[in-house]
> 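Please see the structure below; I have some questions.
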Amino acid sequence: MIKVTLPDGSARELPQGATPLDLANDISKSLAKASMFAKVNGEEWDLTRPFEGDSEVALITRKDDEALEIVRHDTAHVLAQAVQDLFPGTQVTIGPAVEDGFYYDFAREEAFSTEDFEAIEKRMREIIDADLPFEREVWDRNDAIAKFEEMGEAYKAELIRDLPEDETITIYRQGEWFDLCRGPHLPSTGKIGKAFKLMKLAGAYWRGDHRNAQLQRIYGTAWLDDKQLKAHLHRLEEAEKRDHRRLGKQMELFHFQEEAQGQVFWHPAGWTLYRSVENYMRRRLEENGYVEIKTPQLMDRKFWEASGHWDKYRENMFISSIDQEEKILAVKPMNCPCHVQVFNQGQKSYRDLPLRMAEFGSCHRYEPSGSLHGLMRVRGFVQDDAHIFCTVDQITDEVTAFCELLKSVYEDFGFEEPRIKFSDRPDMRVGSDEVWDKAEAALKAAAEASGLDYEYNPGDGAFYGPKLDFVVKDAIGREWQTGTIQCDFNLPERLDAAYIGEDADKHRPVMLHRAILGSLERFLGVLLENYAGKLPLWLAPRQVIVATITSDADSYAEEVRSAMADAGIRVETDLRNEKINYKVREHSVGKVPVIAVVGRKEAEEGKVALRFLGEQGKTQEIMSLDDAIALLGERALAPDLKRLA
RNA sequence: GCCGGCUUAGCUCAGCUGGUAGAGCAUCUGAUUUGUAAUCAGAGGGUCGGGGGUUCGAGUCCCUCAGCCGGCACCA
């Protein structure tokens with residue numbers, strides 16, 4: 001007999017060779033039915049895998065979050081079997097569970113088509129209906145390699161070869177078909193259910209390296225039941241509606257065209273929004289002790305060579321030359337070398353530090369064509385960039401102050417707290433290891449002093465220093481980096497930045513590269529998606545539409561518009577010969593936050609009827625024009641100005 | 001950049017196996033003066049992404065280029 005202990009501390013005796021499933025059945029039939037897999041002494045364990053002696057056991061049921069992961073992983077196995085059944089000669093590679101579903105990467109000469117999905121899904125359902133048991137087998141390493149090679153599964157053989165020597169090689173069978181897999185799996189394919197759907201086809205490099213062969217990836221989504229699946233598909237549809245590219249068109253904010261690939265044509269409404277954000281940011285920077293500068297678009301390549309950008313990013317830099325001159329100018333891909341030029345003018349003293357130098361810096365980068373994505377990834381963009389020149393001792397305070405400012409800005413824009421990543425030295429970098437040790441230690445200490453909750457992202461730092469990145473999510477869960485702060489001991493050296501210390505000697509300052517919004521373009525994209533286009537009053541390009549009910553109210557409407565405009569409200573009239581229903585609908589669809597309805601009654605009484613977006617069905621607020629102006633004027637203030645008021 | 005898909009009116013999209021293009025909305029014109037999410041009627045609008053080919057004939061088939069979309073890779 002063996003003794004198993006459950007999480008609540010209770011213990012049971014089971015015969016030798018008993019499995020977690022036996023345990024579950026011993027407790028109750030319903031538990032056995034709901035169980036998906038087990039954790040035995042902390043290790044993930046199939047329900048049908050016998051205990052290996054006395055154990056501590058936790059049964060994971062459908063209610064647990066981890067259950068979904070198993071279902072997805074199992075669905076990936078079923079997908080692989082279905083594909084190999086239908087398309088002989090296709091090699092399998094890897095197929096993990098991911099957020100919302102799973103994928104499987106296949107190697108096959110011919111391309112799959114989404115038209116194949118129907119047949120594949122059908123075969124998958126057959127495999128699930130067959131209720132094939134998942135059977136775990138431990139194999140000898142060399143036998144496994146030989147077997148997979150014999151089967152023509154070169155990728156699988158390579159995977160096994162690269163596993164650590166002491167790793168137990170397990171394969172899982174489902175009927176005739178089997179795959180190398182660590183497990184665990186459900187007891188049988190029937191337990192997976194059918195709440196899955198193949199979603200999309202994509203290319204993906206073997207082991208994520210573009211120098212390797214490209215595989216064909218099939219993405220699917222999988223859930224515990226149809227209701228969850230439907231809900232997920234519905235979420236995707238809703239997310240599509242708040243795609244900033246679609247909103248940009250609907251709200252006439254901006255457009256793109258192929259003659260200026262990756263660059264934005266801002267329309268009047270979009271530019272109004274852009275300026276609201278920029279002006280807000282400018283005030284926040286000023287309030288926080290920054291000075292603002294503006295530097296050239298084109299600069300001699302020698303500065304980029306000195307900084308190291310030319311070596312690392314030459315391929316991604318636009319250059320400019322002119323017939324009359326030999327020299328090559330680079331269109332600036334970033335602002336730091338320019339800021340060092342400003343810093344280097346005149347002699348700086350330790351008393352000047354920390355010097356916080358900001359620029360709404362317009363930059364251009366030749367981003368790979370496949371990476372361009374609406375406003376989120378462009379070739380021409382503006383950063384709310386700044387460089388803080390400071391001493392080593394000042395790093396912690398400056399990082400802390402920066403993080404505080406960033407949090408406050410994000411709050412003003414209505415964002416949840418962003419995810420934070422700490423990235424250290426990359427393989428391709430400048431500077432000695434000693435300098436990197438210093439920079440990483442300083443940044444980490446500062447992050448910890450600021451009480452940041454960050455994840456470690458090894459090897460992903462900038463080539464000149466480690467960084468903290470701030471990441472937000474878009475409408476369909478894709479993540480975009482916005483803010484950043486980077487600790488740099490290298491560029492001051494390479495670009496010869498210096499200040500005179502207390503000791504009257506020359507010293508190198510540390511540069512903290514930092515941005516809060518990152519690229520204004522990207523931030524606006526994220527902002528639009530975050531609000532699904534329904535921007536708060538202070539950001540809305542058109543804040544109020546004065547809509548008339550009959551033409552009798554035209555002159556009064558103009559009076560209202562003019563008074564509101566004088567109070568600084570962005571307001572327009574709609575005097576068209578249309579029904580009020582029509583106007584209300586059109587401006588609501590157009591995401592105008594406030595519609596001021598005026599008819600004969602309002603004109604006679606000097607009032608307006610305010611209707612607020614997103615409050616459909618709620619009664620309008622009727623008030624005097626003066627009260628309306630006071631109310632809207634106050635509500636339309638940017639959050640920082642509201643705090644001052 | 002790589003893999004796959006898409007590109008038809010200002011916008012959103014139909015157009016089967018090849019027989020010289022269609023809807024809704026928008027626009028314009030007229031009528032209607034209207035009380036909180038689409039008033040009615042009429043009209044105009046397209047070298048079907050560019051180039052090349054097959055064919056008696058191409059929006060439809062083939063090649064090629066570009067852009068966009070979805071991933072991957074990249075992201076100072």
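Note: hydrogens, waters and symmetry copies are ignored here, and every other heavy atom, side chains too, is used. Here the structure is a predicted model, which means the values were calculated and not measured. Note on naming: letters A, B, ... go to the chains in the order of the sequence lines (proteins, then strands), and numbering restarts at 1 for each one.
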> NA contact type, A202(A), heavy-atom cut-off 4.0 Å: base, sugar-phosphate, or nothing?
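Base: the residue A202(A), judged by heavy atoms under 4.0 Å, touches a nucleobase.
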> With a 4.0 Å limit, can you tell me whether R611(A) has a side-chain N or O closer than that to the phosphate oxygens OP1/OP2 of rG35(B)?
no
> Hey, which sits more toward the 5' end of RNA chain B by its nearest nucleotide, D469(A) or G374(A)?
G374(A)
> What distance, rounded to whole Å, do you find between the two P atoms, one in rU20(B) and one in rG71(B)?
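Between the two P atoms, the distance is 40 Å.
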> Counting the atoms with a prime plus P, OP1 and OP2 as sugar-phosphate, which does G308(A) contact under 4.0 Å by heavy atoms, base, sugar-phosphate, or nothing?
nothing
> Under 5.5 Å between ring centres and under 30° between planes: does that hold for F112(A) against the base of rG4(B)?
no
> The side chain of Y582(A) is closest to which nucleotide in this list: rG70(B), rA26(B), rA76(B)?
rA26(B)
> Which nucleotide in the set rG35(B), rG71(B), rC75(B) lies at the smallest distance from any side-chain heavy atom of R217(A)?
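So the side chain of R217(A) is nearest to rG71(B).
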> Taking only side-chain nitrogens and oxygens of S551(A), does any of them come within less than 4.0 Å of OP1 or OP2 of rU33(B)?
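Answer is no, no contact under 4.0 Å.
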> Checking all strands, does E252(A) fall into the base, sugar-phosphate, or nothing category for heavy-atom contacts under 4.0 angstrom?
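Nothing: the residue E252(A), judged by heavy atoms under 4.0 Å, touches no strand.
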> Is the phosphate of rG70(B), meaning OP1 or OP2, less than 4.0 Å from a side-chain N or O of H373(A)?
yes
> Tell me which nucleotide among rG1(B), rG70(B), rA66(B) gets nearest to the side chain of P368(A).
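Between rG1(B), rG70(B), rA66(B), the one nearest the side chain of P368(A) would be rG1(B).
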> Considering only NZ, NE, NH1 and NH2 on the basic side and carboxylate oxygens on the acidic side, decide whether R379(A) and E367(A) come within less than 4.0 Å.
no
> What nucleic acid atoms does Q261(A) come within less than 4.0 Å of, heavy atoms only: base, sugar-phosphate, or nothing?
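Sugar-phosphate: the residue Q261(A), judged by heavy atoms under 4.0 Å, touches backbone atoms but no base.
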> Do D162(A) and R207(A) meet the salt-bridge criterion of a basic N to acidic O distance under 4.0 Å?
yes
> Say we look at rA14(B) and rU7(B): how far apart would their C1' atoms be, to the nearest angstrom?
15 Å
> More 5' along RNA chain B: A462(A) or G208(A), using each one's nearest nucleotide?
G208(A)
> With heavy atoms under 4.0 Å as the rule, sort R207(A) into base, sugar-phosphate or nothing.
nothing
> Among the nucleotides rU39(B), rC75(B), rG71(B), which one has an atom lying closest to any side-chain atom of K312(A)?
rC75(B)
> Among rA37(B), rG35(B), rG71(B), which nucleotide sits nearest the side chain of Q214(A)?
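Looking only at heavy atoms from C-beta outward on Q214(A), the closest nucleotide is rG71(B).
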> For the C1' atoms, the ones on rG44(B) and on rA9(B), what distance do you get once it is rounded to whole angstrom?
11 Å
> P atom, rC65(B) versus rG24(B): distance in rounded Å?
39 Å
> Can you tell me how far P in rC11(B) sits from the matching atom in rG52(B), rounded to whole Å?
25 Å
> May I ask you to say whether D243(A) pairs ionically with R245(A), meaning some side-chain N is under 4.0 Å from a carboxylate O?
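Yes, charged N to carboxylate O under 4.0 Å.
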> Among rU33(B), rC11(B), rA76(B), find the nucleotide with the atom closest to the side chain of T550(A).
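Nearest to the side chain of T550(A) among the choices is rU33(B).
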> If you go through the side-chain atoms of E602(A), does one of them form a donor-acceptor pair with the base of rG35(B) closer than 3.5 Å?
yes
> Using only modelled atom types and a 3.5 angstrom limit, is any donor from either the side chain of Y205(A) or the base of rG1(B) paired with an acceptor on the other?
yes
> Looking only at side-chain atoms of I549(A), point me to the closest of rG35(B), rC75(B), rU12(B).
rG35(B)
> Heavy-atom count around E602(A) CD within 6.0 Å, excluding the residue itself: above 12?
yes
> What's the gap between rU55(B) and rG18(B) when it is taken at their C1' atoms, as a whole Å value?
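Here rU55(B) and rG18(B) have their C1' atoms 9 Å from each other.
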> Strictly below 4.0 Å, N to O, side chains only: are K444(A) and E440(A) in salt-bridge contact?
no
> Between R508(A) and E493(A), is the closest basic N to carboxylate O distance under 4.0 Å?
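The answer is yes: the pair qualifies as a salt bridge.
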> Tell me the interatomic distance from L495(A), atom CG, to rA76(B), atom C1', rounded to whole angstroms.
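Whole-Å distance recorded here is 13 Å.
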> Starting the side chain at C-beta, find the nucleotide from rC72(B), rC75(B), rA38(B) nearest to R585(A).
rA38(B)
> Please determine, for the side chain of K249(A), which listed nucleotide (rC11(B), rA76(B), rU39(B)) has the closest atom?
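Nucleotide nearest to K249(A)'s side chain: rC11(B).
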> Rounding to an integer number of angstrom, what distance separates rC62(B) and rG22(B) when you compare their C1' atoms?
27 Å
> If you look at every strand shown and take non-hydrogen atoms under 4.0 Å, does R478(A) touch a base, only sugar-phosphate, or nothing?
sugar-phosphate
> Are R72(A) and W223(A) in a cation-pi setup, meaning NZ or CZ lies under 6.0 angstrom from the ring centre and within 45 degrees of the ring axis?
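Yes, a cation-pi geometry.
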> Look at the side chain of L201(A) and decide which nucleotide, out of rA73(B), rG4(B), rA66(B), has an atom nearest to it.
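The answer is rG4(B).
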> Would one find more than 12 heavy atoms of other residues, nucleotides or ligands at under 6.0 Å from atom NZ of K534(A)?
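Counting neighbours around NZ of K534(A), 12 or fewer heavy atoms of other residues, nucleotides or ligands fall under 6.0 Å, so no.
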> Which is true for E586(A) with a 4.0 Å heavy-atom rule: it touches a base, it touches only sugar-phosphate, or it touches nothing?
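E586(A): no heavy atom of the nucleic acid under 4.0 Å.
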> Please check the phosphate of rC72(B) (OP1 and OP2 only) for any side-chain N or O of Y103(A) closer than 4.0 Å.
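Answer no for this pair, as no side-chain N or O of Y103(A) is under 4.0 Å from OP1 or OP2.
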> Looking for any heavy atom pair under 4.0 Å, which part of the strands does D552(A) touch: base, sugar-phosphate only, or nothing?
nothing
> On the nucleotide rA26(B), are OP1 or OP2 found under 4.0 Å from the side-chain N or O atoms that R576(A) carries?
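No, R576(A) has no side-chain N/O under 4.0 Å of OP1/OP2 on rA26(B).
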> Mark yes or no for a side-chain to base donor-acceptor pair under 3.5 Å between R377(A) and rC74(B), with no hydrogen or angle criteria applied.
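Answer yes: a donor N or O sits under 3.5 Å from an acceptor.
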> Suppose you measure atom C1' in rA73(B) against the same atom in rU64(B); what distance do you get, rounded to whole Å?
25 Å
> Indicate, with a heavy-atom threshold strictly under 4.0 Å, whether K467(A) touches base, sugar-phosphate, or nothing.
sugar-phosphate
> For A609(A), which contact category applies under a 4.0 Å heavy-atom criterion: base, sugar-phosphate, or nothing?
base
> Please confirm whether the shortest side-chain N or O distance from K579(A) to OP1 or OP2 of rC40(B) is below 4.0 Å.
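Looking at the OP1 and OP2 atoms of rC40(B), neither is under 4.0 Å from any side-chain N or O of K579(A).
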